[in-house]
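A note on names: the letters A, B, ... follow the listed sequences, proteins ahead of strands, and every chain is numbered from 1.
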Amino acid sequence: MEKRINISAYQQDHPTSSTKRGSLIRRVARWIYFRLPDLIIYGYVFMYMYTGWAKFMNMATFIKGNSKIPHLGQYAKAIGYGIPTLEVALAVLLIIPVYWVKRSALWASTLLMGVFTIYLSLMVMFAEKKLCHCGGVIEAMGWKTHIAFNIIWLIAGLYALKRKKL
Amino acid sequence: MEKIKKYGKVLLGVAILGAGAGMAHYAQAQKASKLAYQNGEKLEAVTIGKATMRYWVNDQATGKYIEVTTPPNPIENCQEPSPNDCVVQSENASLPSTLDYSQATPANGVQPHPDSDKAFYQ
């Protein structure tokens with residue numbers, strides 16, 4: 001009896017529509033929380049496919065740009081073909097529903113993001129002429145924004161690996 | 001049910017892959033059209049009432065200059081890897097400062113403008 005009284009008192013304080021809205025927000029938040037690792041993986045899929053494809057479409061420019069990178073210029077062609085191939089391959093592997101494939105792809109994706117972040121940081125710290133042929137709108141970002149963007153994705157990748165127990 | 005969920009996830013992944021590739025195509029097309037528009041605007045500003053423009057692009061493989069019918073892309077054709085890949089010939093003396101092209105000189109192998117008596121290189 002006491003329980004019933006409490007419920008009715010609560011309903012008087014909070015109109016029905018407000019309760020419904022609150023519960024909807026909670027449900028959406030819970031849905032996002034439980035699916036966050038998958039959302040991060042799909043984010044990686046989209047991003048790597050986008051940047052990889054953009055590099056393939058501007059291959060000549062990408063290779064020319066790579067040739068100007070100090071110490072790495074001599075491997076411009078290998079990097080030029082290797083990076084976009086790796087990005088597209090990782091994007092495809094991330095959607096394959098086989099445990100070890102997805103695990104390896106997510107590890108490799110996060111590692112690659114770490115390598116990109118280190119490259120950008122070194123470029124900002126030491127290079128006079130900063131070079132980034134990162135593909136699509138991503139190369140239009142400022143350097144600090146780009147590094148922050150990469151760090152967020154790096155943390156997201158590590159979080160997805162931890163949450164997914166991959 | 002599990003199987004449907006699994007295939008659903010794969011289908012979603014394929015859709016995202018397609019969206020990524022599509023977005024890359026779209027961004028590239030946007031960039032190209034923006035560049036062409038800017039280039040066209042610049043050209044129009046400096047060529048009104050002037051003789052026909054002619055353009056040459058350096059062929060990296062042979063080292064020779066090839067005439068092209070449309071304005072070369074300043075970034076892709078002209079600036080990388082060296083800054084002298086493109087030459088433009090016109091009667092408008094202010095051209096080099098307003099366009100991202102290098103000067104055309106006889107050393108580049110560019111012939112005088114056929115439609116102009118006082119054709120010169122710039």
Side-chain angles (χ1 to χ4, degrees), chain A residues 34-35 37-69 73 76-77 80 84 87-99 101-102 105-106 109 129 131 133-141 164, chain B residues 1-39 57-66 68 70-86 100-102:
Chain A
F34 283 115
R35 281 162 184 79
D38 283 330
L39 292 174
I40 291 167
I41 290 171
Y42 286 131
Y44 265 108
V45 170
F46 180 81
M47 191 170 51
Y48 278 150
M49 193 64 191
Y50 173 75
T51 53
W53 206 261
K55 285 180 189 113
F56 269 124
M57 287 193 302
N58 290 303
M59 186 54 81
T61 315
F62 183 52
I63 291 174
K64 276 181 191 174
N66 288 338
S67 65
K68 291 177 196 166
I69 300 173
K77 217 165 188 179
E87 284 180 331
V88 172
L90 284 176
V92 173
L93 290 175
L94 278 170
I95 63 163
I96 293 175
V98 177
Y99 177 77
V101 174
K102 210 166 194 170
L106 189 55
S109 301
K129 195 182 176 191
L131 298 162
H133 295 273
C134 310
V137 292
I138 289 174
E139 67 186 50
M141 290 178 181
K164 275 272 189 185
Chain B
M1 191 64 192
E2 275 300 307
K3 222 171 192 180
I4 293 171
K5 258 190 178 177
K6 200 172 165 182
Y7 284 119
K9 277 186 176 180
V10 175
L11 275 178
L12 180 63
V14 173
I16 290 170
L17 282 177
M23 271 287 283
H25 265 284
Y26 177 73
Q28 171 75 12
Q30 285 284 102
K31 195 177 160 187
S33 76
K34 192 180 167 190
L35 205 67
Y37 178 76
Q38 283 174 348
N39 229 5
V57 175
N58 186 274
D59 181 3
Q60 295 286 303
T62 59
K64 287 181 179 172
Y65 283 84
I66 302 162
V68 289
T70 51
N73 182 324
I75 293 163
E76 285 179 10
N77 300 130
C78 306
Q79 289 174 359
E80 290 174 353
S82 62
N84 295 312
D85 292 345
C86 293
D100 300 326
Y101 300 130
S102 309

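Nearest heavy atom pair, residue B:Lys9 against residue A:Asp38, reads NZ-OD2, 3.5 Å. Taking each heavy atom of B:Ala24 and A:Ala54 in turn, the nearest pair found is CB-N, 3.8 Å. Scanning both residues, A:Val45 and B:Gly13, for their nearest heavy atoms gives CG1-O, 4.2 Å. Residues A:Asn58 and B:Gln28 share a closest heavy-atom pair of ND2-OE1, 2.8 Å.
Residue A:Val88 does not touch chain B at all, counting heavy-atom pairs closer than 4.5 Å.
Rounding to the nearest 0.5 Å gives a distance of 15.0 Å between CD1 of B:Ile16 and OH of A:Tyr44. The CG atom of B:Leu17 sits 15.5 Å away from the OH atom of A:Tyr50 when rounded to the nearest 0.5 Å.
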